[in-house]
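Read the structure below first, then the notes.
Just so you know, ligand 1 is whichever comes first in the structure, and atom 1 is the first atom listed for that ligand. Sequence positions, counted from 1, serve as the residue numbers for this chain. All heavy atoms count here, side chains included; hydrogens, waters and symmetry mates do not.
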Amino acid sequence: MQEIAPSSSPSTLTAAHDRRRRYYQRIKPLHLKPLWEELHALVPNEPRTPCVPALWCYADIRPKLMESAELISAEEAVRRVLILENPALPGSSSITQSLYAGLQLIMPGEIAPSHRHVQSALRFIVDGRGAYTTVSGERTTMAPGDFIITPSWTWHDHGHAADEGASGPVVWLDGLDIPMVRFFDAGFAENDTARAQHVTRPEGHSYARFGYNMAPVRHDHASGTSPIFSYPYARSREALARLQRDEPADPWLGWKLRYLNPLTGGAPMPTMATFLQLLPAGFNSRIHHATDGTVYCVVEGRGTADIGGQPFRFQPQDIFVVPSWAPLRLLADEDTVLFSYSDRPVQQAIGIHREAFLSA
Ligand code: 1HN
C-alpha cells in the first residue's frame with residue numbers, strides 16, 4: 001500500500017516512493033510484481049464487478065433480428081444469433097463475467113446444423129412457436145416460455161418445419177456458460193457429419209421417464225445435467241398460479257421456484273441455475289442482492305426493475321441483467337412472470353455464494 005510512516009517529511013515520502021517505483025521497474029523484467037500494490041483490488045471487501053445493469057428492449061431488437069434473416073441463413077450462420085453483450089464488457093461476448101446471452105432466430109424451413117460442444121446451453125422461448133430442437137436424438141417442439149436444455153457435449157440441431165400450424169419466425173434466448181469454460185480454457189467442439197440428427201426416440205420420451213416426479217427403476221445414474229430437457233411453460237406457470245392462490249407472496253421474490261434436476265434435486269445444469277417467478281400486480285419488492293449476477297427474461301407483465309438505484313422499465317420479452325451484488329427491487333404494474341438464470345450452482349459448489357435480503 002501507499003502508506004509510509006505518517007511522521008515522515010514530504011521529501012522523505014517522495015524519496016521512498018521513488019525507490020519503490022525503481023524497484024518495481026527492476027523486478028518487472030523477471031515477471032514479478034509487488035502484491036502490496038494490488039492487494040485491495042485483488043481481495044475487495046465486497047464484490048466489485050465491472051459488469052453494469054442493462055436492459056434489452058425486445059421491441060427494438062426484433063426488427064434487427066428479422067433483418068439478419070435477409071443477410072444470412074441459419075445454416076450459413078450455423079447459429080443466427082445476436083449476442084447480448086454487457087455494455088461494460090465490450091469484446092467479451094459476455095452478459096456477466098461468467099455468462100453468455102444471445103437471441104437466436106430460426107425461420108420456417110430453416111435448419112441450424114448439428115454440432116456439440118463442452119459449453120452447456122439453455123434456451124428460453126421468447127417469440128413464436130413450432131420450431132424444434134433435437135438433443136441426443138430426441139426432438140422437442142418449442143412454445144413461448146418453454147425452458148429447454150442442451151447438456152454439455154450432446155449433439156444438437158434446431159429446425160423449423162414450414163408446414164407447422166404456426167409457421168412464423170421463432171426466437172429464443174440462449175444462455176450458455178461460455179465465459180466459464182473460456183476461463184478454464186477447457187472448450188472443445190465438433191460438427192456432426194449429418195446436417196440434422198437422426199431422430200431415435202419419440203417426442204416427450206424423456207419427459208415421460210423423468211418429468212412426473214418419477215424415474216425409471218433401472219436407472220440410477222444421476223448426472224450433473226437434468227434428464228428432462230424440456231420444461232414446458234404451461235406446467236411451470238400452473239404451479240405459480242396455484243401458489244398465488246394458496247400462499248402469500250415472499251416480500252422479496254414474490255412466488256419464485258427454481259427448476260430442478262429431478263435425479264439430484266439440484267440445478268438442471270452443473271453451471272447454471274434457472275428460476276421462474278410471479279409478482280402480483282402492484283407488488284413492490286423489498287431489496288435483495290446476491291453474488292450470482294443474473295439474467296432475467298420477462299414472460300408476462302410490465303413493471304420496473306430498480307437495479308442499484310437505476311430504474312429499468314420492462315415489458316414482455318425484454319431481457320435485463322442484474323450484476324453481482326447489485327441491490328434489486330422489482331415493481332410490478334401487472335401480474336408479472338420472470339424467467340432468470342445465473343451461475344449459482346458453481347458458486348454453491350465452491351462455497352462462495354452469498355445473498356442478503358434487506359429489510360427495506
Ligand atoms: C450454440 O451452439 C448455440 O446450439 C447457440 O443454438 C449459441 C453461442 C456460442 C457457441 C455455441 C446453439 C451459441 C452456441
Side-chain angles (χ1 to χ4, degrees), residues 56 61 64-65 68-69 72-86 89-143 146-161 169-197 199 225-226 229-231 268-272 274 295 297 319 321 339 341 343:
W56 287 261
I61 297 172
K64 303 287 188 289
L65 254 180
S68 76
I72 192 163
S73 68
E75 181 139 20
E76 192 194 345
V78 181
R79 298 294 184 263
R80 188 174 49 221
V81 177
L82 294 180
I83 298 171
L84 310 182
E85 184 172 70
N86 193 282
L89 304 173
S92 67
S93 299
S94 302
I95 191 160
T96 69
Q97 296 269 67
S98 61
L99 297 171
Y100 160 101
L103 282 169
Q104 181 159 178
L105 168 65
I106 193 146
M107 301 296 277
E110 287 194 315
I111 279 183
S114 179
H115 70 185
R116 64 177 176 177
H117 38 72
V118 156
Q119 291 82 358
S120 296
L122 67 87
R123 331 278 172 196
F124 188 74
I125 317 310
V126 168
D127 193 6
R129 64 176 66 238
Y132 60 83
T133 184
T134 308
V135 177
S136 304
E138 184 177 332
R139 249 181 208 187
T140 191
T141 305
M142 300 175 177
D146 291 354
F147 158 55
I148 296 170
I149 291 172
T150 308
S152 176
W153 206 243
T154 52
W155 296 112
H156 56 286
D157 56 86
H158 318 304
H160 192 346
V170 174
V171 177
W172 63 84
L173 174 67
D174 283 318
L176 286 90
D177 53 11
I178 289 172
M180 281 186 253
V181 174
R182 184 168 57 201
F183 174 82
F184 289 115
D185 288 331
F188 293 87
E190 62 185 6
N191 292 324
D192 209 343
T193 47
R195 276 165 84 229
Q197 285 170 80
V199 174
T225 303
S226 171
F229 78 110
S230 178
Y231 296 73
M269 283 160 288
T271 48
M272 293 183 283
T274 49
V295 180
C297 181
I319 292 151
V321 58
F339 171 83
Y341 69 97
D343 62 12

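- Here the heavy atom of the protein found nearest to atom 5 (C) of ligand 1 is D174 OD2, 3.3 Å.
- Scanning the protein heavy atoms around atom 9 (C) of ligand 1, the nearest turns out to be I178 CD1, 3.2 Å.
- Short contacts between ligand 1 and Q104, defined as distances under 4.0 Å to a heavy atom of the residue, involve ligand atoms 5 (C), 6 (O), 12 (C).
- Side chain to side chain, D174 and W172 meet the donor-acceptor criterion of an N or O pair below 3.5 Å.
- The nearest heavy-atom contact from the protein to atom 12 (C) of ligand 1 is R79 NE, 2.8 Å.
- Here the CG-CD1 distance, from L105 to I61, works out to 12.5 Å after rounding to the nearest 0.5 Å.
- Distance check: T154 OG1 to H117 NE2 gives 8.0 Å after rounding to the nearest 0.5 Å.
- Under the ring-ring contact (aromatic ring centres under 6.0 Å, His included) criterion, Y231 pairs with F147, Y259, sequence neighbours left out.
- When hydrogens are left out, the protein atom nearest atom 11 (C) of ligand 1 is H117 NE2, 3.8 Å; that is the closest non-hydrogen contact.
- In this structure, atom 6 (O) of ligand 1 lies nearest to the protein heavy atom H158 NE2, 2.6 Å.
- Results of the side chain to side chain contact (heavy atoms under 4.5 Å, CB included) test with P179 over S93, S94, S92 single out S94 as the only residue that passes.
- At a 4.0 Å cut-off, not a single heavy atom of Q119 sits close enough to ligand 1 to count as contact.
- Inclusion of R123 in the set of residues having an N or O under 3.5 Å from an N or O of ligand 1 is warranted.
- For the pair E75/E110, no side-chain contact is recorded, criterion being any heavy-atom separation below 4.5 Å from C-beta on.
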